[in-house]
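In what follows, a single structure is set out as structure tokens and then discussed.
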Amino acid sequence: NYWENFSAVSAGLININHSHSGKCRSLLQIGIFNQANSGLQIGLLNYNPNAFIPWMPLFNFSFSDKADK
């Protein structure tokens with residue numbers, strides 16, 4: 001799944017939430033690889049640049065306002 005800007009729930013092998021403006025938000029991603037700037041991610045490898053640790057196995061999250069800037 002590939003989303004621009006916002007997605008509520010993404011479930012698939014690979015989920016990428018991307019925006020050229022940097023405001024890519026997601027509420028929940030479930031898959032093998034997940035990428036977004038905010039939300040909860042559950043999968044084998046998760047990337048969230050606004051999280052405390054950007055690359056995490058199993059789960060990652062960030063609900064901060066950094067994704068809005």
Side-chain angles (χ1 to χ4, degrees):
N1 297 315
Y2 180 87
W3 296 89
E4 293 277 339
N5 297 324
F6 179 77
S7 73
V9 177
S10 297
L13 296 177
I14 299 172
N15 301 298
I16 297 174
N17 197 339
H18 178 74
S19 173
H20 297 292
S21 66
K23 295 181 180 181
C24 51
R25 301 193 64 159
S26 181
L27 294 178
L28 175 64
Q29 292 181 321
I30 302 170
I32 294 174
F33 174 74
N34 302 302
Q35 175 184 343
N37 283 352
S38 74
L40 175 63
Q41 301 168 318
I42 301 171
L44 291 180
L45 184 60
N46 305 289
Y47 176 67
N48 184 333
N50 296 320
F52 182 69
I53 301 173
W55 290 94
M56 285 287 293
L58 303 180
F59 73 94
N60 206 355
F61 66 93
S62 170
F63 294 105
S64 69
D65 292 337
K66 287 191 234 180
D68 293 331
K69 294 179 183 176

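In what follows, every heavy atom counts, from backbone to side chain, and hydrogens, waters and symmetry copies are set aside. Values in this document were obtained by computation on a predicted structure and should not be read as measured data.
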If every non-hydrogen atom of [X] is compared with every non-hydrogen atom of [Y], which pair is closest and at what distance?
X   : Y   : result
A36 : N17 : CB-CB, 3.9 Å
N48 : G39 : ND2-O, 4.1 Å
L40 : F61 : CD1-CB, 4.0 Å

(Q) Can you confirm whether I42 is buried at CD1, in the sense that more than 12 heavy atoms of other residues, nucleotides or ligands lie under 6.0 Å from that atom? (A) yes
(Q) Run the ring pair (Phe, Tyr, Trp, His ring centres under 6.0 Å) test against Y47 and tell me which residues pass, sequence neighbours left out. (A) W55
Hey, what do you get for [atom1] ([X]) to [atom2] ([Y]), rounding to the nearest 0.5 Å?
X   : Y   : atom1 : atom2 : result
F59 : Q41 : CZ    : CD    : 11.0 Å
I16 : N1  : CD1   : CG    : 9.5 Å
I32 : I14 : CD1   : CD1   : 7.5 Å

(Q) Please check: side-chain N/O of N60 versus main-chain N/O of I53, any donor-acceptor pairing under 3.5 Å? (A) yes
Q) Quick one: are W3 and N15 in side-chain contact, heavy atoms under 4.5 Å? A) no
Q: Can you sort out the partners of N46 under side chain to side chain donor-acceptor pair (under 3.5 Å), two or more places apart, ordered by chain and number?
A: N34
